[in-house]
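If you're wondering where the values come from, they're calculated on a predicted model, not measured in any experiment. In this chain, numbering begins with 1 at the start of the sequence shown.
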Amino acid sequence: MNQRNVPINKGNYSMDTAEREALFEQYRGEGWEAEYAEYRRNWSDYAKQQKVSEFPLLVDIELSSVCNLHCPMCYTITDEFKQRVNVTRMDWELYKKIIDEIDGKVPAIRLSLRGEATLHPKFIEAIKYAKDHGINEVSLLTHGGKLTLPYFQKMVEAGVDWITISVDGLGETYERVRRPLKFDDLLGKIKAIKQYKKEHGLKRPVIKVQGIWPAIAETGPDAYYNTFAPCTDLVAFNPLIDYLSNDTHIEYLEEFTCPQQYQRLVIGADGLVMKCSNDEENREVIGDIKQETMHQVWHGEKMKVVRDMHLQPRGFMQSAVCRKCYLPRKTEDEEALVGERTFTVRNYVHRIQLIGK
């Protein structure tokens with residue numbers, strides 16, 4: 001059998017220094033060092049070995065599929081998304097049911113997926129409930145609109161470990177993408193968070209800023225990095241993917257096998273379980289946490305079918321979701337600079353680099 005191609009953490013890349021990357025990892029694992037090292041090792045090994053653990057390593061819990069922005073590249077603004085997805089906020093009792101089951105069994109959760117997690121009325125309580133029930137790392141992706149200093153203080157008190165803030169470019173570029181947020185307002189929030197952490201000697205939550213590459217390229221990698229490196233723990237970027245499913249000419253990796261079915265379980269705000277974090281429109285639902293346990297879904301027949309499909313030669317082509325996904329797509333390297341430091345941008349072959357296209 002040919003060597004399987006199992007891309008780990010594809011799609012999000014650091015534009016930072018090796019020293020800051022190492023500190024970011026150190027701070028993430030501080031206080032649970034041995035468990036954290038095992039968690040990160042298993043994240044890679046389980047996927048490459050196709051090992052099904054008793055519970056997933058990470059559970060994505062979509063507190064809210066609602067978002068209050070109107071970004072031109074985002075699938076949540078499309079008619080297809082609105083027709084297929086129950087745009088809602090997760091029921092609190094359902095959330096507690098999920099956490100109660102994974103208490104001490106799952107090292108990490110992510111409280112966001114398609115919408116804006118901070119729009120959930122019990123967002124702060126959700127962080128605290130997870131931390132009180134054996135979850136070592138609670139993280140989220142946010143647009144940052146609600147990250148006022150008082151709100152951030154509540155998140156810290158609840159125990160949040162990692163916040164990633166989406167910031168697509170600087171100034172007018174950012175405001176064109178992240179409507180209706182204002183760049184100077186967001187930058188002020190991030191700087192205030194940095195100052196608060198410094199004053200209180202906090203290493204966590206780690207703060208990561210990331211943006212889509214065309215927006216960063218438009219405003220200049222140097223300017224982007226030098227704006228955010230002083231006030232965050234890590235600066236990263238995402239090559240532009242086919243958010244809106246417009247691409248017709250796609251080239252694929254050889255011997256691709258998806259890693260996600262061995263790493264994470266993805267639960268939507270309505271309790272429906274998607275086969276992966278890239279099934280944005282609920283096209284291949286594998287379970288319903290309102291009716292089943294997570295353990296039942298993780299080891300269930302529908303998930304087994306997904307895993308078996310990926311083990312077949314070009315098995316991913318059987319799935320409409322997988323055929324459109326960025327994970328099996330070929331990339332081509334572009335070199336970029338911050339000062340005299342070089343890093344690589346892995347753009348997807350035949351992917352037009354225009355936001356909203």
Side-chain angles (χ1 to χ4, degrees), residues 4-12 21 24-63 95 97-113 117 126-127 129-141 159-164 204-206 208 234 236 256-268 272-279 284 286-287 289 292-300 302-304 306-308 310-311 325 327:
R4 296 191 185 280
N5 195 334
V6 187
I8 307 295
N9 300 330
K10 181 177 181 178
N12 183 257
E21 289 170 9
F24 181 80
E25 288 298 306
Q26 179 185 322
Y27 295 161
R28 276 183 66 186
E30 196 165 79
W32 60 302
E33 288 85 356
E35 294 165 283
Y36 178 74
E38 182 183 23
Y39 163 49
R40 297 314 301 167
R41 185 168 58 249
N42 291 341
W43 185 260
S44 177
D45 289 351
Y46 287 0
K48 291 178 179 177
Q49 299 164 7
Q50 286 83 53
K51 178 180 177 179
V52 181
S53 50
E54 191 67 16
F55 278 84
L57 296 166
L58 169 73
V59 179
D60 297 81
I61 307 172
E62 184 182 55
L63 284 183
Y95 176 78
K97 177 193 176 202
I98 293 168
I99 298 299
D100 289 348
E101 183 184 353
I102 63 176
D103 186 338
K105 302 181 181 75
V106 171
I109 64 170
R110 190 173 188 249
L111 294 179
S112 52
L113 186 65
I127 297 170
Y129 195 83
K131 295 302 294 183
D132 288 346
H133 288 78
I135 306 300
N136 285 315
E137 182 175 84
V138 176
S139 69
L140 71 144
L141 173 67
V160 69
D161 298 290
W162 174 9
I163 304 170
T164 297
R204 283 210 302 269
V206 288
K208 173 181 172 182
L234 197 70
F256 169 77
T257 298
C258 185
Q260 290 209 10
Q261 286 75 41
Y262 305 96
Q263 295 170 326
R264 66 207 295 184
L265 197 67
V266 182
I267 305 170
L272 295 181
V273 184
M274 288 145 274
K275 70 168 184 177
C276 70
S277 64
N278 297 324
D279 183 10
E284 297 183 29
I286 62 164
I289 296 301
E292 305 166 87
T293 67
M294 241 183 325
H295 189 272
Q296 287 170 336
V297 175
W298 183 243
H299 294 278
K302 289 183 178 179
M303 183 62 107
K304 184 177 184 298
V306 173
R307 293 185 181 115
D308 289 346
H310 277 288
L311 295 180
C325 182
L327 287 175

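By the 4.5 Å heavy-atom criterion applied to side chains, Trp43 and Arg264 are counted as neighbours. By the 4.5 Å heavy-atom criterion applied to side chains, Ser277 and Gln260 are counted as neighbours. Side-chain atoms of Leu58 and Pro56, non-hydrogen and from C-beta on, never get closer than 4.5 Å to each other. Using a 4.5 Å cut-off on side-chain heavy atoms (C-beta onward), Asp45 and Lys51 make no contact. By the 4.5 Å heavy-atom criterion applied to side chains, Ile109 and Ile102 are counted as neighbours. Contact of the Arg28 side chain with the Glu137 side chain is registered, since non-hydrogen atoms from C-beta on lie closer than 4.5 Å. With a 4.5 Å cut-off on side-chain heavy atoms, Gln261 and Met303 count as touching. Between Val6 and Gln50, some side-chain heavy-atom pair lies under the 4.5 Å cut-off.
Contact detail for Pro205 and Ile163: the closest heavy-atom pair is CG-CD1, 4.1 Å. Nearest heavy-atom pair across Tyr95 and Ile127 is OH-N, 4.4 Å. Looking at every heavy atom in both residues, Met274 comes nearest to Ile267 through CE-C, 4.2 Å. Shortest non-hydrogen contact noted between Thr257 and Pro7 is O-CD, 4.0 Å. The heavy-atom pair separating Asn278 from Cys325 by the smallest distance is ND2-SG, 3.4 Å. The minimum heavy-atom distance linking Gly287 with Glu292 is given by the pair CA-OE2, 3.3 Å.
Residues Tyr36 and Glu25 bring a donor and an acceptor atom of their side chains to less than 3.5 Å of each other. Residues Tyr129 and Asp100 bring a donor and an acceptor atom of their side chains to less than 3.5 Å of each other.
With Ser112 contributing its side chain and Leu141 its backbone, the two residues share a donor-acceptor pair below 3.5 Å. Using a distance-only test at 3.5 Å, with no hydrogens or angles considered, no donor-acceptor pair links the side chain of Gln26 to the main chain of Phe24. At least one donor-acceptor pair closer than 3.5 Å links the side chain of Lys97 to the backbone N or O of Ile289. Looking only at distances, a side-chain donor or acceptor of Trp298 sits under 3.5 Å from a matching main-chain atom of Ser53. Of the possible donor and acceptor atoms, one in the side chain of Arg204 sits under 3.5 Å from a partner among the backbone N and O of Glu30. In this structure a side-chain-to-backbone donor-acceptor pair under 3.5 Å is missing from Arg307 to Tyr262. A donor-acceptor pair is defined here as one N or O able to donate and one able to accept, closer than 3.5 Å; such a pair exists between the side chain of Lys10 and the backbone of Leu327. Remark: side-chain polar atoms of Lys131 are paired, donor with acceptor, to backbone N or O of Asn136 under 3.5 angstrom.
By the 4.0 Å N-to-carboxylate-O rule, Lys105 lies too far from Glu54 to be salt-bridged with it.
Here the NZ-OG1 distance, from Lys208 to Thr164, works out to 5.0 Å after rounding to the nearest 0.5 Å. If you take CD on Glu35 and CD on Glu33, they are separated by 9.5 Å, rounding to the nearest 0.5 Å. Rounded to the nearest 0.5 angstrom, Leu140 CG and Asp161 CG are separated by 10.5 Å. Note: Leu265 CG to His295 NE2 = 11.5 Å, rounded to the nearest 0.5 Å. Distance check, rounded to the nearest 0.5 Å: NZ of Lys275 to SG of Cys258 gives 7.5 Å. Distance check, rounded to the nearest 0.5 Å: OG1 of Thr293 to CD1 of Ile98 gives 11.5 Å.
Geometric assessment of Arg40 against the ring of Trp32 yields a negative cation-pi assignment under the 6.0 Å and 45° thresholds.
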Going through the distances and angles, do Val106 and Glu101 end up as a side-chain contact (heavy atoms from CB on, under 4.5 Å)? CA-CA 9 Å; Val106 171; Glu101 183 184 353; over 6 Å; no
Stepwise, does the side-chain contact (heavy atoms from CB on, under 4.5 Å) test hold for Ile8 with Gln263? CA-CA 10 Å; Ile8 307 295; Gln263 295 170 326; 4.0 Å; yes
Using the rule given for side-chain contact (heavy atoms from CB on, under 4.5 Å), can you reason through Ile99 versus Ile61, listing the C-alpha separation, both sets of side-chain angles and the distance that settles it, and then say yes or no? CA-CA 10 Å; Ile99 298 299; Ile61 307 172; 3.9 Å; yes
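Applying the ring-ring contact (aromatic ring centres under 6.0 Å, His included) criterion to Tyr27, with sequence neighbours excluded, gives no partner residue.
Between Phe256 and His310, the ring planes are perpendicular. Angles over 60° get that label, and only those under 30° would be called parallel.
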